[in-house]
Amino acid sequence: MPKTKKRISFTKIIIVFLLLWGGVKVYNYYEAQNAINYALIPNPTSKEISEQELMAFLPVWSDYMQQNISELGKRPVSLASGAPEDNLSDEAKEWLLRRLWYPKRFFYVEQRLRSILKTIDQQEQSNALIADLSRQYEELSAQQAQNPTPDPSLESLMSGIQNMIHLQQQKQNVEKISDAEIKLITPMKSVVKDALYKYQHN
């Protein structure tokens, strides 16, 4: 009888061992299936944003804001200044990685798009002002052409207008945004602006 008990106990140990071994195998398989494949995550280093990157960014940013992913892990995150990727919780970082975004590049694209939108708005306002100043200059130039001798007051006004035009031209692209980025974002400015600011939490 004691031998039977020993045999049963040994059998139980083997069964428990097999169950544990099987559990480890299942867990390892699950981890492998759900592991982040970093080879699939784009990692561009250029300052400029491409059309492909823009199209990949917009839906993920929308989800990020709607689901308030920055609150994962209950760690405060600033989206307006500093380096948000350094303040993200591990859960939020994983969320981005699983959507094929390195956090640093994700927030770089966000800030770059804000700069592009700002530059486009400034250029539109500046171009309108330059057009108005140019009309004034042409009118004064026409008046000056009718005078037998140059009018010093008109010369002064015309010189002042030229300086203002030059100043506006210098202020048009302080962010150093490329022409390609301006051309890319301008036709869809309202879409990009809506995506960036619609769910912004202040």
- Query: With no hydrogens and no angle check, do the side chains of N127 and E124 hold a donor and an acceptor under 3.5 Å apart?
  - Reply: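 Their side chains do not contain a donor-acceptor pair, so the 3.5 Å distance test is not met.
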- Query: Any chance the side chains of Q123 and S126 put a donor and an acceptor closer than 3.5 Å?
  - Reply: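 On atom types as modelled, these side chains do not qualify, holding no pair under 3.5 Å.
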- Message: Please find the pair of heavy atoms, one from T149 and one from Q144, that lie closest to each other, and give the distance.
- Response: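 In this case the closest contact between T149 and Q144 is O-OE1, 4.2 Å.
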In terms of side-chain geometry, is the basic nitrogen of [X] or [Y] positioned less than 4.0 Å from the acidic oxygen of its partner?
X: R99; Y: D63; result: no
X: R114; Y: E110; result: yes
X: E53; Y: R105; result: yes
X: K193; Y: D121; result: yes

- Transitive ILVMFWY cluster of L154, excluding itself - 4.5 Å side-chain cut-off: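 Answer for L154: L129, I130, L133, Y137, L140, L157, M158, I161, M164, I165.
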- Query: Hey, mind stepping through L113 and V109 against side-chain contact (heavy atoms from CB on, under 4.5 Å) and telling me if it holds?
  - Reply: CA-CA 6 Å; L113 286 174; V109 172; 4.0 Å; yes
- Query: When you look at D151 and Q143, which way does the side-chain contact (heavy atoms from CB on, under 4.5 Å) test go after all the steps?
  - Reply: CA-CA 9 Å; D151 185 336; Q143 291 180 33; over 6 Å; no
- Query: Does any non-hydrogen side-chain atom of F106 lie less than 4.5 Å from one of L88?
  - Reply: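 Not in contact.
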- Any side-chain heavy atom of P103 within less than 4.5 Å of one from L97?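 Yes. Closest side-chain heavy atoms under 4.5 Å.
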- Item | Parallel, tilted or perpendicular: rings of Y64 and F107 (30°, 60°) |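 Perpendicular: the ring planes of F107 and Y64 meet at over 60°.
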- Could you go through the side-chain contact (heavy atoms from CB on, under 4.5 Å) check for L54 and I185 one step at a time? CA-CA 9 Å; L54 172 65; I185 302 301; 3.7 Å; yes
Would the distance check show the side chain of [X] and the main-chain N or O of [Y] forming a donor-acceptor pair, the cut-off being under 3.5 Å?
X: T186; Y: I182; result: yes
X: E181; Y: I116; result: no
X: S62; Y: L58; result: no
X: W61; Y: A195; result: yes

Just wondering, are more than 12 heavy atoms of other shown residues or ligands nearer than 6.0 Å to [atom1] in [X]?
X: N37; atom1: CG; answer: yes
X: K47; atom1: NZ; answer: no
X: E155; atom1: CD; answer: yes

- Item | Distance in Å, W95 CH2 paired with S89 OG, rounded so as to fall on 0.5 Å steps |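 These two atoms lie 12.0 Å from each other.
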- Item | Test log, rule side-chain contact (heavy atoms from CB on, under 4.5 Å), inputs Y38 and N43 | CA-CA 10 Å; Y38 290 91; N43 191 24; over 6 Å; no
- Item | Of V60, I41, I36, the residue whose pairing with L100 passes side chain to side chain contact (heavy atoms under 4.5 Å, CB included) |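 It is I41; the other options fail the test.
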